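What follows is a short report on a single structure.
All of these numbers come straight from a predicted model, not from anything done at the bench.
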Amino acid sequence: MSSPFSLRRRTLLLSTAALALASALPNLAWAQEPVQGGSISINVGSEPTALLSATNTGSAISIGPKIVEGLLSYDLDFTPRPQLATEWAVSEDGLTYTFKLREGVKWHDGEDFDADDVVFSILALKEVHPRGRGTLANVTEVKALGTHEVQVTLSDPAPYLLKALAALESPILPKHIFEGTDIPANPALNAPIGTGPFIFKEWVRGSHVLLERNPNYWDQGKPHLDQIVIRFISDPAAAVAALESGEVQVSIGVVPLTDLERLKADSRFVFETRGNGYINGILRGLFNLDRKELQDIRVRQAIAHVIDKQFIVDTVFLGNAKALTGPVNPAVAEFYTPDVETYPLDIAKADALLDEAGYKRGADGSRFALFVDPMIAVGPQRQIAEYVAQQLDKIGIKPTIRTGDFGSFVKRVYTDRDFDLAIEPMSNLFDPTVGIQRLYWSKNIKVGVPFSNGANYISAETDRLLETAAQENDPAVRVKLFGDFQREVVKDLPVIDLVAPDSFTVYDKRIQNLVTTIDGNSANGADVFLSPA
């Protein structure tokens, strides 16, 4: 087999034959011979605003990668595997990437897939993808070397780039569908045409998305399932009822935490915690720095001093979460540092900070009012919003909780900017340049782009640290730069990072090979099958 995968400066060429040998790895060892046919229903909770993550990273990430594909996929240990690329090489200086593409692949509408689709997609993602502006910032040229070979040229090294080529992060789009259009408004984002194992059939708003087997999939014999139904049951009680009744067979983190132990003990189900290393989600409180009161750092510090993160862990998540010190999930261990400023629970100090900022209590005991907007109207995010509102009231800030569906939250926060403090989930992903830079980089303040720099936070020092780290090839130097970044943003407080919830999936034990890759439920599902009852 070829040399082990490395992100350091070295030539890397992994052939299809070499990776075929790697497919004997234990992650993909079948418990039994795959069975053809059958349908499964997956509950993903909230309904997305779009089915592809090309322009909206809040889209249904478990749906898109089953329809469209990336250049690579990754095993549970992040070893890369071919998907639309069969071979890849990186120059010694880290500035040139070459990909040989899979031949004989068809888009779902019958058109041929080729290098032009990859060239178009990489350049488009650099412009319209919320994270692509950072991830692909160093890309200066993408060109076809033939019908099935692509070369990507960078201005500076991007040591994280080979980890960012899964369909979840960098979906390859059909050029003939998207070229010359306003990509964020293209209806194909909601009725996708891909190269993947499943074909989009329908989206019934408020109910489900239906995917059907692609009979012409390039990986012959796959997918094994005839159909996947994606459901949107956001209410935790209804979600667990649907799971236990058999209405759905897979629930991705959408069951009441009070039911977890009972579900773990139920022999009908599998409780899975693997396959989350690509996402590494957190929950945070996002400030709107356009709001006059919140522009004062003392006001933001006061709010931070009334939020007990461990209380949220223990009470809201029943211990199934970790309190955050800053923007990096402890699961991203290489870059995480707890060595940052802290804001311990201190009501008296919060009151003093607000007085100092000039917001004295009025005759009714109040100082000013704030909206608190959880992204999800039920479950832990709503509970966190209620707790935060209760704490704000203690220091004379009069809170109003507003709820709605996912689409209305995104519009309110990222388009209309009609919010004060938003409670939202966010994905760290596997590297801060890919998952975190977009949230704090001043060049990523993009009104209307979901999950960009929604605080409107501007810091020359933060920009410097992020931009330097994005092109630094020395791992130790990158770690130091991201440590300095964490200290800087925790001091500036454009966001209060709250908790990193434990990630889990509960599913029917008849389902085989549900989680075999680092992106877990966001993989393409080609290997999934139903064993006989």
Within 45° of the ring axis of Trp203 and under 6.0 Å from its six-membered ring centre, is that where the NZ or CZ of Arg205 lies? yes
Geometric cation-pi criterion Lys106 and Phe113, 6.0 Å radius, 45° cone: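 No cation-pi geometry.
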Leu154 and side chain to side chain contact (heavy atoms under 4.5 Å, CB included): which partner among Leu161, Thr96, Thr140? Leu161
Consider side chain to side chain contact (heavy atoms under 4.5 Å, CB included). Of Val118, Asp117, Val105, which one does Leu84 pass it with? Val105
Aromatic ring proximity Phe485/Tyr440, centre distance under 6.0 Å: yes
Do Phe287 and Tyr457 have ring centres separated by under 6.0 Å? no
Crowding at NZ, Lys126 (>12 non-hydrogen neighbours, <6.0 Å): yes
Listed partners of Ser234 passing side-chain contact (heavy atoms from CB on, under 4.5 Å), at least two apart: Ser46, Val378
Can Arg133 and Glu127 be said to form a salt bridge (Lys or Arg N to Asp or Glu O under 4.0 Å), step by step? CA-CA 6 Å; Arg133 295 183 180 88; Glu127 295 301 318; over 6 Å; no
Salt bridge present between Asp484 and Lys480 (N-O < 4.0 angstrom): yes
Do NZ/NE/NH1/NH2 and the carboxylate oxygens of Asp463 and Lys443 come within less than 4.0 Å?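 Salt bridge flag = no for Lys443 with Asp463.
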Using side chain to side chain donor-acceptor pair (under 3.5 Å) as the criterion, list what pairs up with Ser39, not counting sequence neighbours.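 Ser39 satisfies side chain to side chain donor-acceptor pair (under 3.5 Å) with Gln227 only.
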Arg284: partners by side chain to side chain donor-acceptor pair (under 3.5 Å), with sequence neighbours left out: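 Arg284: side chain to side chain donor-acceptor pair (under 3.5 Å) contacts with Glu424.
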Can you see whether Ser207 engages Arg231 through a side-chain donor-acceptor pair at a distance of less than 3.5 angstrom?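 Side chains of Ser207 and Arg231: no pair found under 3.5 Å.
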Among all residues two or more places apart in sequence or in another chain, which pass the salt bridge (charged side-chain N to carboxylate O under 4.0 Å, His left out) test with Glu47?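 For Glu47 there are no salt bridge (charged side-chain N to carboxylate O under 4.0 Å, His left out) partners, ignoring immediate neighbours.
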Residue pairs passing the salt bridge (Lys or Arg N to Asp or Glu O under 4.0 Å) test where at least one lies in residues 176-190, sequence neighbours excluded: Lys175-Glu179
Sequence neighbours excluded - salt bridge (Lys or Arg N to Asp or Glu O under 4.0 Å) pairs with any residue from residues 138-159: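 Qualifying pairs: none.
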